[in-house]
Amino acid sequence: MASITRPHPKFIFLSRHLSSRLIAVISGCIFFIILHYLLKWEEGDMNAFIRLDISIPENFSPVQITKRETLPTGGIPKIPKIIHQTWKNEDVPPEFVTWIKSWSDHHPDWEYWLWTDQSARKLISDKYPHLLDIYDGYLEPIRRADALRYIILHEYGGLYIDMDMEALSSILPLALKYSCFIGQEPFEHPIIDTNFDKLLINALIGCRKGHPFMKKLIDNLPAYSILWHYLDSTGPHFVTLLYRQYVNEPSNLEAENAVYVTPSEYFYPEIDPAKLKYMFTKCSEVKKLTKLQVRACQNLKFKSLPHNQFDPRTIAFANHHWYHTYLKTMSTSLAGHTSIFKIIPVAKIY
């Protein structure tokens with residue numbers, strides 16, 4: 001009877017080890033492929049709105065602009081030429097480097113200030129000590145970031161910009177015409193979400209130093225700090241509510257005190273990708289929608305039709321990438337973080 005040659009124990013161990021590693025690698029690849037497409041599916045696709053079973057009237061007039069207003073080309077800016085951004089420290093994640101640089105590229109003669117956690121608290125301690133307890137008491141960093149932008153603009157004036165905003169052209173024409181301006185979210189965002197029209201968003205604000213609207217926001221921080229959600233205590237809902245109060249006072253409509261709410265296309269030319277699937281699902285249930293929500297869904301379908309497509313980035317001053325920094329864990333890639341002084345050598349820190 002022929003003898004059976006058994007594999008060496010080391011060979012058996014190696015084979016099993018390699019098989020386990022191979023299975024782990026294949027499983028990992030499959031996981032990331034599924035995750036990639038799941039995220040894509042979650043984000044949705046603007047073109048999907050073509051399939052909406054919702055009629056568009058023949059005389060339908062979409063809520064959108066396709067050209068800029070007439071703006072000055074020269075003169076003295078009504079807001080200082082200062083760009084303000086905020087981050088934890090002077091080393092920023094690689095995700096933001098190109099977008100930060102876009103602002104200095106389009107505004108080469110503007111000052112650039114980065115406000116870190118340390119310098120921000122020092123500013124408030126030095127200039128607004130009555131707000132320090134409120135500022136320190138915020139449980140979420142996003143509330144401190146929101147409050148800080150109003151304080152910075154009131155104290156120095158200039159342009160505040162979130163890190164996920166990209167400059168597409170110089171914002172100087174707006175600064176030449178207006179002493180304070182703020183954008184609003186895309187028409188469809190607040191309406192499909194909550195049937196709420198015209199929601200201001202604080203990701204980009206330009207204002208002169210000491211503007212009364214910034215003072216109104218600052219003065220109301222203590223009273224609203226008790227609200228449970230940051231949107232209401234310091235964020236877009238807070239800003240929108242106080243803006244509506246502000247414009248009811250006649251003296252606030254004078255040129256130097258007025259606040260110009262720009263078309264959404266100026267700073268927010270694209271729908272937040274994270275909202276697309278939700279919007280499509282909601283728009284698919286027409287009978288459950290208000291008239292205003294139906295209009296917003298019709299707007300989405302109209303803009304997605306091939307013969308009606310217009311790229312609002314062609315008239316935008318900036319593009320918001322909807323990065324939702326406050327909800328994410330930032331990159332730990334090998335590229336590492338970059339000192340703000342390597343991106344903008346003349347950057348200033350308080």
With [X], which residues qualify under ring-ring contact (aromatic ring centres under 6.0 Å, His included), at least two apart?
X      : value
Phe49  : Phe280
Tyr350 : Trp115
His321 : Trp99

Task: From CA spacing to verdict: salt bridge (Lys or Arg N to Asp or Glu O under 4.0 Å), Asp193, Lys275 - done: CA-CA 9 Å; Asp193 270 348; Lys275 292 181 179 286; 2.9 Å; yes

Open item on the list: Enumerate the salt bridge (charged side-chain N to carboxylate O under 4.0 Å, His left out) contacts for residues 135-161, please, sequence neighbours excluded, ordered by first and then second residue.
Closed with: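 Counting only pairs at least two positions apart or across chains, the salt bridge (charged side-chain N to carboxylate O under 4.0 Å, His left out) contacts touching residues 135-161 are Arg121-Asp136, Lys127-Glu155, Glu140-Arg143, Asp146-Arg149, Arg149-Asp162.
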
Which atoms form the tightest heavy-atom contact between [X] and [Y], and what is the distance?
X      : Y      : result
Pro57  : Gln298 : CD-NE2, 3.6 Å
Ile226 : Ala223 : CG1-O, 3.6 Å
Ile340 : Ala347 : CG1-CB, 4.0 Å
Ser284 : Leu52  : OG-CD2, 3.8 Å

Is the backbone N or O of [Y] less than 3.5 Å from a side-chain atom of [X], with the two atoms forming a donor-acceptor pair by type?
X      : Y      : answer
Lys177 : Thr70  : yes
Asp164 : His320 : no
Lys88  : Asp117 : no
Glu265 : Ile65  : yes
Thr240 : His237 : no

TODO: Could you name each residue pair satisfying disulfide bond (SG atoms under 2.5 Å apart) that touches residues 211-250, not counting sequence neighbours?
DONE: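 For residues 211-250: none.
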
- [ ] Among residues two or more places apart or on two chains, list those pairs meeting disulfide bond (SG atoms under 2.5 Å apart) that have a residue in residues 196-276.
- [x]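 Every pair satisfying disulfide bond (SG atoms under 2.5 Å apart) with a residue in residues 196-276: Cys180-Cys207.
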
- [ ] Start with the C-alpha gap between Asn252 and Glu249, add the side-chain angles, then the distance that decides, and say whether side chain to side chain donor-acceptor pair (under 3.5 Å) holds.
- [x] CA-CA 6 Å; Asn252 292 334; Glu249 301 174 24; 3.1 Å; yes

Is it the case that over 12 heavy atoms from other parts of the model lie below 6.0 angstrom from the [atom1] atom of [X]?
X      : atom1 : value
Gln118 : CD    : no
Lys209 : NZ    : no
Asp311 : CG    : yes

Can [Y] be reached from [X] by stepping across I, L, V, M, F, W or Y side chains whose heavy atoms are under 4.5 Å apart?
X      : Y      : result
Trp110 : Phe317 : yes
Phe187 : Tyr278 : no
Ile171 : Ile344 : yes
Leu174 : Leu153 : no
Leu204 : Leu114 : yes

Task: Counterpart residues, salt bridge (Lys or Arg N to Asp or Glu O under 4.0 Å), relative to Asp197 (two or more places apart) - done: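 Result, salt bridge (Lys or Arg N to Asp or Glu O under 4.0 Å) vs Asp197: none returned.
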
- [ ] With sequence neighbours left out, write down each residue that passes salt bridge (Lys or Arg N to Asp or Glu O under 4.0 Å) with Glu270, or none if nothing qualifies.
- [x]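 Expected list: Arg313.
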
TODO: Quick one: which residue pairs count as a ring-ring contact (aromatic ring centres under 6.0 Å, His included) with a foot in residues 284-316, not counting sequence neighbours?
DONE: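 Applying ring-ring contact (aromatic ring centres under 6.0 Å, His included) to every pair that reaches into residues 284-316, excluding sequence neighbours, yields Phe60-Phe302.
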
Task: Residue pairs, two or more places apart or on separate chains, that pass ring-ring contact (aromatic ring centres under 6.0 Å, His included) and touch residues 188-227 - done: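 Listed once each, the pairs are His189-Trp322, Phe213-Tyr246, Tyr224-Phe238.
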
Please round to the nearest 0.5 Å and tell me the distance separating atom [atom1] of [X] and atom [atom2] of [Y].
X      : Y      : atom1 : atom2 : result
His106 : Ser169 : NE2   : OG    : 6.5 Å
Leu300 : Ile271 : CG    : CD1   : 5.5 Å
Trp103 : Lys101 : CH2   : NZ    : 14.5 Å

Output a table of donor-acceptor pairs, distance under 3.5 Å, between side-chain atoms of residues 214-222 and any protein atom two or more places apart or on a different chain; print 'none' if there are none.
{"residue": "Lys215", "atom": "NZ", "partner": "Asp219", "partner atom": "OD2", "Å": "2.7"}
{"residue": "Asn220", "atom": "ND2", "partner": "Lys216", "partner atom": "O", "Å": "2.8"}

Under 3.5 Å, which donor-acceptor pairs do the side chains of residues 254-262 form with other protein atoms, sequence neighbours left out?
{"residue": "Asn257", "atom": "OD1", "partner": "Arg208", "partner atom": "NH2", "Å": "2.9"}
{"residue": "Asn257", "atom": "ND2", "partner": "Ser251", "partner atom": "O", "Å": "3.4"}
{"residue": "Tyr260", "atom": "OH", "partner": "Glu69", "partner atom": "OE2", "Å": "2.5"}

- [ ] Hey, can you tell me if His130 and Tyr128 have their rings parallel, tilted or perpendicular (30° and 60° cut-offs)?
- [x]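 The arrangement is tilted - the two ring planes meet at 30° to 60°.
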
Task: Geometric class of the Trp87/Phe96 ring pair [parallel <30°, tilted 30-60°, perpendicular >60°] - done: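 Phe96 vs Trp87 ring planes: perpendicular.
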
